[in-house]
J.: 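Please see the structure below; I have some questions.
By convention in this document, chain letters (A, B, ...) are assigned in the order of the sequence lines, proteins followed by strands, and residues within each chain are numbered from 1. Source: prediction; values computed, not measured.
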Amino acid sequence: MTDFQKRVYEAVRCIPRGFAVSYGEVARFIGCRSARAVGAALRRNPTPETVPCYRVVAADGALTGFFGSSAAASLARKRRLLKNDGVAFDASGRVRKEFLWQWTR
DNA sequence: CACCTGACATAAT
DNA sequence: AATTATGCCAGGT
């Protein structure tokens, strides 16, 4: 477990139920300019019970991957978890903007 | 050390 | 709205 990964997981644990944040937002919060690096850290989530990685989505609300895969079935699972949290989606399957959250600056 | 690959983001076509 | 080009950077090889 690298130091970078710890920072990512710690940040993601703070995302409140019923909201989603973008990879870029997580990156910015932990002081990194690469959203891709965040995705790489979440690619293999070691503790799904304590790190709700399904609450992390693309900047436009799209679901780009889950459980190490971007397959439709994985994304559907991710969508179900978010829905279960009360998050709503638009017609094109993206998280509605009013459910996108971010750390207060 | 030098590539290479992405669960990304943004600007320019 | 959709596609392309660039920048990004941690991890693995």
Side-chain angles (χ1 to χ4, degrees):
Chain A
M1 169 79 62
T2 64
D3 181 68
F4 177 78
Q5 290 169 335
K6 287 180 191 169
R7 300 218 305 285
V8 171
Y9 301 141
E10 184 180 351
V12 172
R13 266 201 314 268
C14 299
I15 303 172
R17 186 166 183 275
F19 290 93
V21 297
S22 70
Y23 294 93
E25 173 63 15
V26 174
R28 197 172 56 71
F29 181 71
I30 66 177
C32 170
R33 303 212 243 30
S34 173
R36 306 187 78 170
V38 172
L42 292 178
R43 195 156 56 81
R44 296 173 181 92
N45 183 357
T47 54
E49 300 87 10
T50 56
V51 181
C53 62
Y54 64 89
R55 292 180 186 155
V56 185
V57 303
D60 64 355
L63 307 189
T64 55
F66 185 60
F67 217 72
S69 158
S70 54
S74 298
L75 302 185
R77 233 172 349 263
K78 183 169 181 174
R79 194 162 54 245
R80 184 177 63 71
L81 290 168
L82 285 168
K83 274 190 176 182
N84 193 46
D85 273 5
V87 175
F89 297 80
D90 65 16
S92 50
R94 297 174 349 198
V95 174
R96 300 185 55 171
K97 297 188 179 70
E98 56 263 45
F99 292 94
L100 294 177
W101 184 76
Q102 63 182 296
W103 279 275
T104 56
R105 291 186 264 276

J.: Can you tell me which nucleotide in C:dC8, B:dA9, B:dA7 comes closest to the side chain of A:R33?
T.: C:dC8

J.: From CZ of A:R43 over to C1' of B:dC8, roughly how many Å is that when rounded to an integer?
T.: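 Going from CZ in A:R43 over to C1' in B:dC8 covers 14 Å.
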
J.: How would you label the contact of A:S22 with the nucleic acid (heavy atoms, under 4.0 Å): base, sugar-phosphate, or nothing?
T.: sugar-phosphate

J.: State whether A:E25 and A:R28 are salt-bridged, where the test is any N-O pair (Lys NZ or Arg NE/NH1/NH2 against Asp/Glu carboxylate O) under 4.0 Å.
T.: yes

J.: Compare every heavy atom of A:A11 with every heavy atom of A:I30, then report the nearest pair and how far apart it is.
T.: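 Minimum heavy-atom contact is CG2-CB, 3.9 Å.
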
J.: Between A:R44 and A:A35, who's closer to the 5' end of DNA chain C by nearest nucleotide?
T.: A:A35

J.: Mapping A:V57 and A:A40 onto DNA chain B by nearest heavy atom, which one lands closer to the 5' end?
T.: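 Nearer the 5' end of the strand: A:A40.
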
J.: Which of these nucleotides, C:dG11, B:dA7, C:dC9, is closest to any side-chain atom of A:T2?
T.: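 Selected nucleotide: C:dG11.
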
J.: Which of these nucleotides, C:dC8, B:dA7, C:dA10, is closest to any side-chain atom of A:S34?
T.: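 Nucleotide nearest to A:S34's side chain: C:dC8.
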
J.: Taking atom types as they are modelled, would you say the side chain of A:R36 forms a donor-acceptor pair with the base of C:dG11 within the 3.5 Å cutoff?
T.: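 It does not, because no donor-acceptor pair links the side chain of A:R36 to the base of C:dG11 below 3.5 Å.
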
J.: Could you tell me how far apart A:R7 (CZ) and C:dA10 (P) are, to the nearest whole angstrom?
T.: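 Taking CZ of A:R7 and P of C:dA10, I get 8 Å after rounding.
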
J.: Roughly how many Å is it from CD in A:Q5 to C1' in C:dG12, rounded to a whole number?
T.: 12 Å

J.: Taking any heavy-atom pair under 4.0 Å as a contact, classify A:F4: base, sugar-phosphate, or nothing.
T.: sugar-phosphate

J.: Looking only at heavy atoms, which two atoms of A:K83 and A:F89 are closest? And how far apart?
T.: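 Looking at all heavy atoms of both residues, the shortest contact is CG-CE1, 3.7 Å.
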
J.: Could you check how far CG of A:D60 sits from C1' of C:dA2, rounded to whole Å?
T.: 13 Å

J.: Given side chains that start at C-beta, do those of A:V12 and A:R55 come closer than 4.5 Å, heavy atoms only?
T.: no

J.: Base, sugar-phosphate, or nothing: which does A:T64 touch, judged by heavy atoms less than 4.0 Å apart?
T.: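 Contact class for A:T64: sugar-phosphate only.
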
